[in-house]
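Just so it is clear: chains get the letters A, B, ... in the order the sequence lines come, proteins before strands, and each one is counted from 1.
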Amino acid sequence: MNLFADLRSAVVDALGRMTVEGLLPPGLDLAAVAVEPPRDAAHGDMATNAAMVLAKPAGKPPREIADALARALMEDPRIEGADVAGPGFLNLRLAPALWQGVVRQVLAAGTDYGRSDIGAGAKVNVEFVSANPTGPMHVGHTRGAVVGDALANLLAFAGWNVTREYYINDGGAQVDVLARSAYERYREAHGLEPEIREGLYPGDYLIPVGEALKAKYGPTLLDKGEQHWLAEVRDFATAMMMQEIRSDLALLGVEMDVYSSEKALYGTGEIEAAIEELRAAGLIYEGVLEPPKGKTPEDWEPREQTLFRSTAHGDDVDRPVKKSDGSWTYFAPDIAYHYTKVKRGFDQLIDIFGADHGGYVKRMKAAVSALSGGRVPLDIKLIQLVKLFKGGEPFKMSKRAGTFVTLRDVVEQAGADVTRFIMLTRKNDVALDFDFDKVLEQSKDNPVFYVQYANARVNSVLRKAAEAGIAVDDAVLLAADHRALSHPAELALLKKVAEWPRLVEIAARNNEPHRVAFYLYELASDFHGFWNRGNDEASLRFVQEDAAASQAKIALAKSVSVVICAGLAILGVTPVEEMR
RNA sequence: GCACCCGUAGCUCAGCUGGAUAGAGUGUCGCCCUCCGAAGGCGAAGGUCGCAGGUUCGAAUCCUGCCGGGUGCGCCA
């Protein structure tokens, strides 16, 4: 399925034969041996660094190894040429049949082409969004939601057993603030003047919550002390906010497998159990932290607190798990929450955080390392901010009254597909510009359009061919004689298609879904370039007089479309068959 | 002060966890439609990969130290 992996096996086998023949010493570590597509096509179809990597351990000059390896590989019928180049690269030219065979692989597998088992069914938990349930989701959350969801898709495609999870921060002080804010809107619903004091959430989005509270409780909560209504209003408002968040996520096409509640950790012994686990490992102690150097807070005074010895697991300073009044810090439930993930048997954890949470990376990793005995790796992806523009000008959002650009605003203006794709056109840790005008532009400036257009062109070809009376159903294209695809331009396009399975593996291994978006752009670009060559060379057009010739070429076009669709599916973007 | 992220073409960014002459887009300039969708394509020009060392066959990539920008730093989550 993955030509590059196949060829690497061929190289490894050849090295094995060389070892048997005494050309190489036994017991060499072949991990560093790579088979990659060379950057420059003039260097052949694939290149291996085997000779250079093995030169030192084998105690032989690289060129000598490369020459021997070349001879060994030439026995493989798939390999037509093996040239030693540069410091000891071995450039391989493959039989065209190998590339032509890719068409059959793609068409037979459909959008499963590129599916991999490198994940080996390992259980991975992807925690993302986890926005506080105190208001609607804004643009910043949108990017995290898209990255997390696409990453989950990608890992599933590459053979992981994926759980998408949302951690609801419903246990801290901020949900009390929500409750008080909602209570004022409840009073407002009764015709009273709301008192939105400093520190409360002023947003209009709480007005419906006030109305709903009125509908449920009538006037019974009015003129009563907080102790009489806080818990109920808090639960009510939190539930409504989560409802809104779920519907926002649905709007984006994101569906979580699990919602975990912070509040549910309190009073159930979960937090205590996690801390006890750490204590048993000797990682909990009572102590006094040093003030941060160079920036001592005004009101700093030394206090004894319960501390987690996170420095034993790579952190810079130990972290408090209890406040000086004996209550838990926010970090304690976070520890407990991650402990539940470890206990649920995940082999691998991924957290998607906003970049402003960069300071918590080391301590979370330390906690997971301590709680899993170093068995469960935690990868944390920080999502940089999204800068909004409109027509090239910064999109001003009003600071007053808590209004901001919400996820809903963005999706309603740009559409879920466009939003998702654009959010993946940057690596997670660099800032992203999102221009409301540009992302809707139907031109090559817009990568979403550009990729969709390539797919639309393929479908246009299929329609044209059908009009000309050429059968283009899947079975016919699969059975076509793909050996006819011998023009260098056709082979070049095929090579790009053949890269897809490898790209999937690289992207998945690095937890980097943006690579898929970049690859699709490149594939689309290659396709558009190929398309235009048909202007000059009629023999390169997909639709030909001869039906059999057409079918082979259309099979190529179709395989491009299949890969685009497979890639878009990972990004969570719907492919379009026609632009309008 | 410390930690983390970023620094690559005028601008916006990729760069396959060390590979060959560092790539796209955009902008600038010049081209290509009696031709499957020009909603596209081709070409030119544009670089001390922030700086300085180090590791090795080989560094944009790994290590160290600086410079610049961002984020964060006990009783907020």
Answer with base, sugar-phosphate or nothing: what part of the nucleic acid does A:Phe331 contact at a heavy-atom distance below 4.0 Å?
-> nothing
Taking atom P in both B:G15 and B:C73, what distance in whole Å separates the two?
-> 29 Å
Within the structure shown, what part of the strands sits under 4.0 Å from A:Asn91 by heavy-atom distance: base, sugar-phosphate, or nothing?
-> base
Rounded to whole angstrom, note down the P distance from B:U56 over to B:C63.
-> 16 Å
Cation-pi between A:Lys322 and A:Trp328: NZ/CZ under 6.0 Å from ring centre and within 45° of the ring axis?
-> yes
Does B:C36 have OP1 or OP2 sitting under 4.0 Å from an N or O in the side chain of A:His528?
-> no
Sort out the partner of B:G47 for me: Watson-Crick or G-U wobble, both distances under 3.5 Å, none otherwise.
-> none
Which nucleotide in the set B:C13, B:G15, B:C36 lies at the smallest distance from any side-chain heavy atom of A:Ser460?
-> B:C36
So, is A:Tyr450 near the phosphate of B:G41, with a side-chain N or O under 4.0 Å from OP1 or OP2?
-> yes
Among B:G41, B:G19, B:C36, which is the nearest nucleotide to the side chain of A:Asn49?
-> B:G19
Give A:Val430 one of three labels, base, sugar-phosphate or nothing, depending on what nucleic acid heavy atoms sit under 4.0 Å from its own.
-> sugar-phosphate
Would you mind classifying the nucleic acid contact of A:Ala431 as base, sugar-phosphate or nothing, using non-hydrogen atoms under 4.0 angstrom?
-> sugar-phosphate
Does B:G15 have OP1 or OP2 sitting under 4.0 Å from an N or O in the side chain of A:Arg515?
-> yes
Does B:G41 have OP1 or OP2 sitting under 4.0 Å from an N or O in the side chain of A:Arg457?
-> no
Using atom C1' of each nucleotide, how far apart are B:A14 and B:A24 to the nearest Å?
-> 7 Å
Whole Å only: how far is the NZ atom of A:Lys427 from the C1' atom of B:A60?
-> 12 Å
State whether A:Phe527 and A:Arg457 meet the cation-pi test: NZ (Lys) or CZ (Arg) under 6.0 Å from the six-membered ring centroid, and within 45° of the perpendicular axis.
-> no
Identified pairing partner of B:A9, criterion: Watson-Crick or G-U wobble below 3.5 Å | none
Which whole number of Å gives the distance between the C1' atom of B:G10 and that of B:G46?
-> 8 Å
Round to a whole Å and report the spacing from CG of A:Leu540 to P of B:C36.
-> 15 Å
Quick one: A:Ile118 CD1 to B:C16 C1', roughly how many Å, whole number?
-> 13 Å
From the list B:C36, B:G19, B:U26, which nucleotide is the closest neighbour of the side chain of A:Phe89?
-> B:G19
Toward the 5' end of RNA chain B, which comes first, A:Phe542 or A:Ile506, by nearest nucleotide?
-> A:Ile506
Of all residues at least two apart in sequence or in a different chain, which pass the side-chain hydrogen bond (donor to acceptor under 3.5 Å, both in side chains) check with A:Ser116?
-> A:Glu505
Per atom distances to the A:Leu382 side chain, the nearest of B:C13, B:C4, B:C36 is B:C4
Which of these, A:Asp318, A:Ile284, A:Thr329, sits in a side chain to side chain contact (heavy atoms under 4.5 Å, CB included) with A:Phe308?
-> A:Ile284
Which is true for A:Ala507 with a 4.0 Å heavy-atom rule: it touches a base, it touches only sugar-phosphate, or it touches nothing?
-> nothing
Whole-Å distance separating the CG atom of A:Asp445 from the C1' atom of B:C13 = 15 Å
To the nearest Å, give me how far apart NZ (A:Lys387) and C1' (B:C11) are.
-> 12 Å
Considering only B:C36, B:G40, B:A24, which nucleotide approaches the side chain of A:Lys444 most closely?
-> B:G40
Assign A:Glu505 to base, sugar-phosphate, or nothing according to its heavy-atom contacts below 4.0 angstrom with the strands shown.
-> nothing
In whole angstrom, give me the gap between the P atoms of B:U28 and B:U21.
-> 33 Å
Of the listed B:C36, B:G19, B:A24, the closest approach to the A:Pro87 side chain comes from B:G19
Pairwise P distance for B:G18 and B:C6, with rounding to whole Å = 16 Å
Now, which nucleotide makes the Watson-Crick or G-U wobble pair with B:C2, with each of the two distances under 3.5 Å?
-> B:G72
C1' atom, B:A60 versus B:C16: distance in rounded Å?
-> 14 Å
Whole Å only: how far is the OH atom of A:Tyr453 from the P atom of B:G41?
-> 9 Å
Scan A:Val53 against the nucleic acid and name what it touches under 4.0 Å (heavy atoms): base, sugar-phosphate only, or nothing.
-> base
A:Arg502 near the nucleic acid: base, sugar-phosphate alone, or nothing, with a heavy-atom cut-off under 4.0 Å?
-> base
Using atom P of each nucleotide, how far apart are B:G40 and B:U26 to the nearest Å?
-> 9 Å
With heavy atoms under 4.0 Å as the rule, sort A:Phe518 into base, sugar-phosphate or nothing.
-> sugar-phosphate
Classify the nucleic acid contact of A:Glu36 as base, sugar-phosphate or nothing, counting any heavy atom under 4.0 Å across all strands shown.
-> sugar-phosphate
A:Phe449 side-chain proximity, nearest of B:U26, B:G40, B:U12 | B:G40
Return the value, rounded to whole Å, for the distance between atom CD of A:Glu290 and atom C1' of B:A3.
-> 17 Å
Winner on side-chain proximity to A:Asp433, out of B:G25, B:C36, B:U12, is B:U12
With respect to the side chain of A:Asp316, which nucleotide from B:G19, B:C13, B:A3 is positioned closest?
-> B:A3
Within 45° cone and under 6.0 Å: A:Arg319 NZ/CZ vs A:Phe331 ring | no
Footprint string (nucleotides 69-75 of chain B, 5' to 3'): B base within contact, S backbone only, - free, heavy atoms under 4.0 Å | --SSBBB
